[in-house]
Amino acid sequence: MATVVKSYEPTFRDKLYIPALFQGLMLTFKHMFKKKVTIQYPDEKHVPPEGYRGLHRLNKYPDGRIRCVACEMCAAACPAHCIHIVPEPSPWEEGKERYPVRFDIDLLRCIFCGFCEMACPEKAIELTEIYDFADYSREGLWIDKAGLLEIYELTKTQNYYTVPNDE
Amino acid sequence: MPLIKIDDREIEVEKGITVLQAATAEGIEIPYYCYHPALSIVGSCRMCLVEIEGMPKLQVSCNTSIGELPPERKKDGKYDMIVRTQTEIVKRERENVLEFLLLNHPLDCPVCDQAGECFLQDYSYKYGRAHSRFLEEKRVRKNEYLGSNVIINHNRCIMCTRCVRFTREISGTNELFVQARGDNSKISIFEDKSLDNLLAGNVIDICPVGALLSTDYIHKNRFWNLEEKKSICTDCSVGCNILVYSQNNRIFRINARENHSVNGYFICDIGRYGFHRYEDAEKVTSPLIRSDGGFKPISWEGALKEIYEQFSRSKDGEKHQIVGIASPFHTNESLFMFGRLMDNIFKDKSIIGKLPFIEDYEIHFDSGFRISKDRSPNRQGLLDFCLNLEDEILQKVKTGKVRLCYALDDGVDRKLDEEWESFFKSQRFLVVQTYAMTPLAKLAHLILPGPSPMEREGTMTNDQGRIQWLKPSVSLTNKTRPDWEIIMEFMNTVGKRELKYSSVNEVNLEMGERFPSYRGMTFFKIGYQGLPKKNIATSRPSEGGQAGNTVT
Amino acid sequence: MDLIGFIIICIKVVVVFAATMLAVMGMIYAERRISAFIQHRLGPNRVGPKGLFQPLADGLKFLMKEDIIPAAVNKPLYLLAPAMLLIPALMTFAVIPFGSSLTLFGRQISLQVADINIGVLYILALTSVGVYGIVLAGWSSNSKYPLLGGLRSSAQLISYELAMGLAIVAIVLMTGSLRLNDIVTSQQGHLFSWYVFKQPVAFLIFLIAVYAETNRLPFDLAEAEQELVGGYHTEYSSMKFAMFFMAEYANMITAAALTVTLFFGGWDIPFVDEAAMGNWGALLSGIAFILKTAFFLFLYIWVRWTFPRFRYDQLMNLGWKVMLPLALLNIFITGGILTIIS
Amino acid sequence: MAVFKPILTRYIHRKDSHTLSGYKNVGGYKALEKMFKTMAPDEVIEEVKASNLRGRGGAGFPTGVKWGFIPKDSQKPTYLICNADEGEPGTFKDRLLLSKAPHMMLEGMIISSFAIDCHLAFIYIRGEFYQEYKVLEKAVEEAYAANFLGKDILGSGFDLDVVIHRGAGAYICGEEMGLIESLEGKRGWPRIKPPFPAVEGYLMCPTIVNNVETLACLPHILNRGADWFKSIGSEKGSGPKLYCISGRVNNPGVYEEPLGILLTDLIFKRGRGLIDGRELKAVFPGGSSSAILRADEIDGLQMDFDSLSAAKTMLGSAGVIVMDETVDMVSVCLNIARFYEHESCGQCTPCREGTTWLVKILNRIYQGKGSLNDIDMIFEITDNIGGLIDPEASGGSFGKTICPFGEAVAWPIRSFVEKFEEEFIAYVEKGVDVS
């Protein structure tokens with residue numbers, strides 16, 4: 001036998017419903033005059049909080065060398081299989097002996113989960129705060145190594161959206 | 001048979017085998033680095049230490065052989081040995097050894113080709129401790145070339161000396177040695193030598209870490225991206241068992257596969273790097289017909305129709321009008337079909353021969369490993385299935401009036417001598433079944449696209465009469481078809497048969513019906529290790545319903 | 001009827017139609033803005049000043065959209081359904097008086113398109129016809145979700161029309177006339193002569209029933225997006241789809257106007273004798289009517305963004321087990337009191 | 001205590017003690033004649049077993065028992081190797097024998113070879129012992145000339161050839177398996193046991209490796225009998241023993257005393273006490289591979305295999321190194337660690353990596369950059385290389401390397417940190433030497 005446990009016994013007032021209805025109406029009415037949260041997007045831009053997972057970037061060392069060593073850990077961790085890397089022995093004398101000759105991300109497949117960032121042993125791939133990168137074609141949303149490095153240049157020193165838009 | 005106990009399991013083992021072998025056979029994992037079944041035991045990595053009852057110290061299980069105790073000294077009344085692999089002491093010991101091994105290891109797994117199949121990774125994960133207590137600078141050394149195909153990364157080396165022992169005991173070439181001692185010791189090569197023997201690639205296979213690397217594969221891919229297929233090598237008549245690693249229908253590397261009846265643990269570098277030849281070859285992807293001095297693509301239907309017209313026109317009673325050129329590079333199934341075509345469809349009108357072999361010298365290693373002088377994988381099968389094979393075919397056809405020829409091409413690495421070239425040129429109609437634009441294919445009037453050796457499926461008979469299954473490593477592309485299917489279409493078209501084999505297995509079954517020594521040699525039976533051919537005399541089989549000697 | 005009378009009626013028809021359509025557009029705008037405000041948003045504010053032209057843009061967009069007629073539909077009925085819904089919604093407005101009479105060129109012009117003596121019945125009849133549009137749309141779409149929406153709609157109609165009608169009966173009892181003008185006139189005088197004070201229970205029942213009648217939240221079961229993918233108009237697109245919405249808003253306006261007429265004195269301004277003020281009175285009464293109606297329209301929107309949707313069984317329970325007995329009881333009591341007074 | 005008359009070193013002060021004639025003059029090669037005339041090989045083995053002669057190289061394994069391990073039915077030839085690769089720091093006893101009494105050792109080799117049916121014997125002499133090598137070479141020549149070596153020795157029908165092999169200077173080649181590998185021409189990496197060399201040694205044939213001193217004892221055993229030999233010393237170990245005393249004593253050198261002599265006697269009577277009358281601080285009783293003993297631990301300690309084992313150290317090669325109060329133990333420890341790091345062969349993991357690590361840590365402590373954690377680390381690393389001396393305390397886990405080198409590193413270094421921990425702590429805390 002199941003026991004019915006009533007956590008709440010409605011009072012007579014509750015059973016009338018009308019006062020509750022009015023309460024509800026008053027609540028929404030009050031909210032009508034509250035401050036609006038809408039951001040008028042193209043005119044003003046939302047600055048995402050720290051830790052926002054937007055467009056990827058590939059980091060560089062201060063001397064300009066790409067950090068990525070093409071270990072493909074990001075590709076292995078990627079649940080959407082959107083990262084495609086072609087590794088090659090690096091042309092540099094010093095440092096890590098492997099680098100990506102191609103590094104493509106299919107942004108249409110990407111789910112921006114950030115696993116790649118977590119899997120990266122070299123802190124090479126990171127997700128930036130950039131969220132508006134829509135395009136008119138599928139090809140346009142296939143970002144390559146040059147593109148990812150460019151994103152790094154755009155975001156390495158400051159937040160993308162706090163920079164005055166002068167492009 | 002001694003009865004031993006490993007952890008909780010009672011195992012009856014052969015006398016004289018080591019604890020490590022017994023445990024591995026039973027599926028109990030004991031980690032090890034320096035031990036390799038084909039090499040001598042040095043016991044230097046100290047990873048396989050186990051606790052054995054009655055022994056004061058931990059014992060290296062790779063060097064502890066199991067003997068029989070007299071009845072009164074049996075442990076617990078019945079065991080000859082009691083081994084414990086999971087006690088606290090053993091676990092601590094593994095942890096400690098791993099800590100030592102990792103002291104100077106660069107931990108550069110992200111750039112290491114071994115990552116994913118590395119025993120240092122696996123064991124660290126399973127048995128190691130998570131943190132390093134080593135505060136000093138790690139020892140750093142430069143990479144070196146040991147041979148044209150092998151690079152050593154000294155930083156990753158754990159000094160198991162498998163490679164050194166390999167060059168001493170298996171290849172017998174002694175290129176490698178350990179230089180300096182103690183912490184300074186490193187694998188090195190004698191100044192006047194380079195690691196370029198034909199077995200050199202195996203040191204990469206047997207290296208348990210990423211110290212020895214193949215220049216052919218370095219930084220090309222990651223292990224987990226690769227698809228592993230079990231196949232056999234077709235570069236000589238030994239028929240070594242191999243593992244082919246590919247991604248997206250592209251082969252990246254070939255490793256040895258263990259088969260003690262054929263190649264043991266190793267393969268030669270000819271087979272290991274042989275797949276590159278097929279990458280560079282100009283592929284034939286569609287039936288081609290000669291027109292205006294060149295070739296133009298044609299549909300399969302068109303090609304078969306052309307064949308029918310050309311071959312039925314020749315039925316004017318002349319003897320030996322049609323020549324079939326068989327190839328020892330093809331599978332038994334294809335050769336069986338080809339033999340049937342020549343023997344039964346064209347009957348008396350046909351003769352069948354083969355291209356001459358370009359013989360190489362046979363290579364033997366001290367360890368017994370050999371590279372056969374017969375560099376074709378399936379001459380045995382050719383002899384078995386093309387029964388009236390003429391060796392001196394060129395002499396014979398010179399006098400005859402052969403104007404029609406159907407040739408199975410040997411492949412990209414075979415040249416054509418002038419005599420044969422003029423023979424082929426004299427043909428009124430030459431059909432060549434090939435996968436690439438070889439010199440022979442260039443002379444053809446019609447080219448039928450077959451699979452490359454990496455795409456073929458079927459059985460091969462090696463020079464010791466062992467039948468092994470050749471599994472395709474990559475799949476057929478474009479308009480190419482399996483060899484046996486092309487020949488079947490040929491038979492259906494020219495010989496008006498209605499053969500409808502849907503897979504190579506059906507051809508295999510039919511082949512077994514007709515050739516008793518191949519009876520039952522299906523993939524399910526021979527598996528990945530192969531079986532020796534049955535020793536039954538074969539008489540000439542014929543198509544069912546025809547007069548002639550039938551095969552029982 | 002003379003020619004001028006006919007012309008006057010034609011003008012009235014055009015004015016009322018235009019006003020209704022304009023109100024529909026206003027409603028669309030208002031609905032979007034108010035709902036945004038309630039949710040701390042801004043709502044449409046970019047097309048025209050303060051986004052006022054947004055409904056135009058919406059309409060334009062609907063016109064531009066591809067008109068898809070699915071292959072499996074019953075085409076004649078499928079095409080008929082939106083019109084079936086929209087036309088009765090607009091027709092209902094004909095009998096609603098929206099002001100006291102105007103005197104122009106010596107003619108007394110009542111601010112009502114048709115002052116018929118069975119106005120109440122006319123309204124009940126037409127609103128019931130409206131539901132055919134929904135049922136037809138649902139059925140002719142030949143698709144399961146629209147069908148469910150249509151069925152729900154008809155079931156809902158039966159449950160509520162009855163209560164609504166009975167609530168109005170109480171008013172009719174008190175007025176003694178089915179003519180809406182009479183009902184308005186009988187409420188003139190002071191504030192408490194409005195039926196909302198005399199018949200609060202009838203008002204409540206009517207109000208609730210009207211929500212169900214117009215398929216508005218919390219009774220919009222016929223077009224429950226979450227369960228029915230939009231309900232009866234799932235298969236519609238382009239302007240036909242827009243027509244369903246125009247009909248819904250037109251229905252709302254009619255219902256609001258009716259509510260005002262029946263319970264809030266219609267165009268009546270309390271304590272003011274509009275007739276005595278002449279044309280100015282007519283104008284004022286018209287404005288009063290519009291303001292009252294506007295309040296109820298606002299109430300619609302307000303309620304929509306406040307209350308959650310009823311479950312289907314709850315809706316039926318409320319209709320049959322609560323509102324219908326209550327309305328009957330109300331009639332009984334009203335009748336009893338009227339008998340005693342007379 | 002009766003005055004002990006030296007046996008092995010009795011005549012070494014004579015100028016011609018290293019020559020054949022000199023040796024024969026004092027009764028040399030008598031045992032050989034006696035043996036060939038009266039004894040069978042098995043009887044020799046029994047005699048040596050009965051004498052309780054234990055190997056003088058360090059491990060103290062009974063010599064006769066070792067000989068008995070040679071398979072009787074083996075078709076392979078048997079080899080004898082004389083281990084003259086004396087490399088233990090603080091040990092120089094074999095060197096004395098090699099330069100002063102090579103014939104005594106040769107005679108011992110012939111006896112031993114006869115016992116184990118060996119016809120080719122090797123002397124693996126340390127490469128640095130050039131003068132000793134010259135002497136030895138001369139002695140072998142003389143022995144050949146006198147038909148003590150070669151075909152049909154003294155008409156007995158027994159053949160024996162002796163080959164002198166000079167090592168290239170690796171401590172590890174003093175380990176018998178390393179020595180055998182080196183002798184085979186390979187890298188001096190100890191081979192894993194089993195099989196033991198008595199079964200599969202040099203060229204995979206039965207091989208016996210004996211220390212110089214052990215072999216030198218053999219003529220005397222045969223001459224005077226096992227009972228006489230057994231009567232020397234205590235019950236725990238019998239026979240004469242060469243003790244090397246070095247370090248801060250007034251009179252360092254090699255002294256022959258019976259096994260079981262008191263360590264204090266050795267230091268204060270033979271070594272005549274410490275320089276300038278300083279206080280004794282610590283002693284290595286058996287070369288640098290033995291655990292160090294503090295001054296308060298040596299009272300009444302007998303110098304024999306078992307007594308020292310009980311004191312958690314070992315007799316080893318009996319190289320007594322004496323340290324006085326002025327000695328900085330951290331520095332000594334670092335020095336020893338450096339020696340072992342340098343001499344580690346690099347074959348097995350714990351020793352190869354562990355010795356380097358130890359040096360790095362000790363170096364850090366020595367430079368005053370260490371932490372208390374480092375001291376614990378030294379304990380752990382030494383345990384991981386060689387385990388504890390006491391099997392009970394280490395949970396039965398000791399001997400973690402192929403050869404005993406691991407223990408030879410681990411035990412002394414551990415004992416340093418254990419017994420002089422306060423000095424290490426002082427280094428860590430103040431970064432200076434306190435003593």
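The sequence lines fix the lettering, A, B, ..., with proteins before strands; numbering per chain opens at 1.
- Across B:Ile41, B:Leu101, B:Val178, the residue that shares the most heavy-atom pairs under 4.5 angstrom with chain D is B:Val178.
- Rounding to the nearest 0.5 Å gives a distance of 10.5 Å between OG of B:Ser40 and CD1 of D:Ile192.
- At distances below 3.5 Å, at least one donor-acceptor pair connects side-chain atoms of D:Arg352 with backbone N or O atoms of B:Ile158.
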* To do: May I have the step-by-step check of side chain to side chain contact (heavy atoms under 4.5 Å, CB included) for D:Glu353 and B:Asn104, ending in yes or no?
  => CA-CA 8 Å; D:Glu353 305 289 346; B:Asn104 282 304; 3.1 Å; yes
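- Between D:Ile361 and B:Glu136, the shortest heavy-atom contact is N-OE2, 4.4 Å.
- Note on B:Arg46, B:Glu95, B:Met47: by heavy-atom pairs under 4.5 Å with chain D, the leading option is B:Arg46.
- Both the backbone and the side chain of D:Ile381 come within less than 4.5 Å of a heavy atom in chain B.
- Between atom CG of residue B:Leu135 and atom CG of residue D:Asn373 there is a gap of 8.0 Å, rounded to the nearest 0.5 Å.
- Between B:Glu93 atom CD and D:Asp383 atom CG the span is 10.0 Å, to the nearest 0.5 Å.
- Note: D:Asn384 CG to B:Glu99 CD = 7.0 Å, rounded to the nearest 0.5 Å.
- Environment of NZ in D:Lys72: crowded, with over 12 heavy atoms of neighbouring residues, nucleotides or ligands closer than 6.0 Å.
- Within a 6.0 Å sphere centred on CZ of B:Phe119, other residues, nucleotides and ligands contribute 12 heavy atoms or fewer.
- Interface residue B:Ser44: backbone and side-chain heavy atoms are both found under 4.5 Å from chain D.
- Nearest approach of B:Val42 to D:Ile402, heavy atoms of both residues: O-CD1, 3.3 Å.
- Remark: D:Phe339 engages D:Tyr171 in a ring-ring contact (aromatic ring centres under 6.0 Å, His included) (not counting sequence neighbours).
- Remark: the backbone N or O of B:Val97 is not paired with any side-chain donor or acceptor of D:Thr349 at under 3.5 angstrom.
- Sorted by first then second residue, the salt bridge (charged side-chain N to carboxylate O under 4.0 Å, His left out) pairs that include residues 177-189 of chain B, not counting sequence neighbours, are B:Arg139-B:Asp183, B:Glu144-B:Lys186, B:Arg181-D:Glu343.
- Distance check: D:Thr356 OG1 to B:Phe134 CZ gives 8.0 Å after rounding to the nearest 0.5 Å.
- Taken from CD in D:Gln347 to OG1 in B:Thr161, the straight-line distance is 7.0 Å, to the nearest 0.5 Å.
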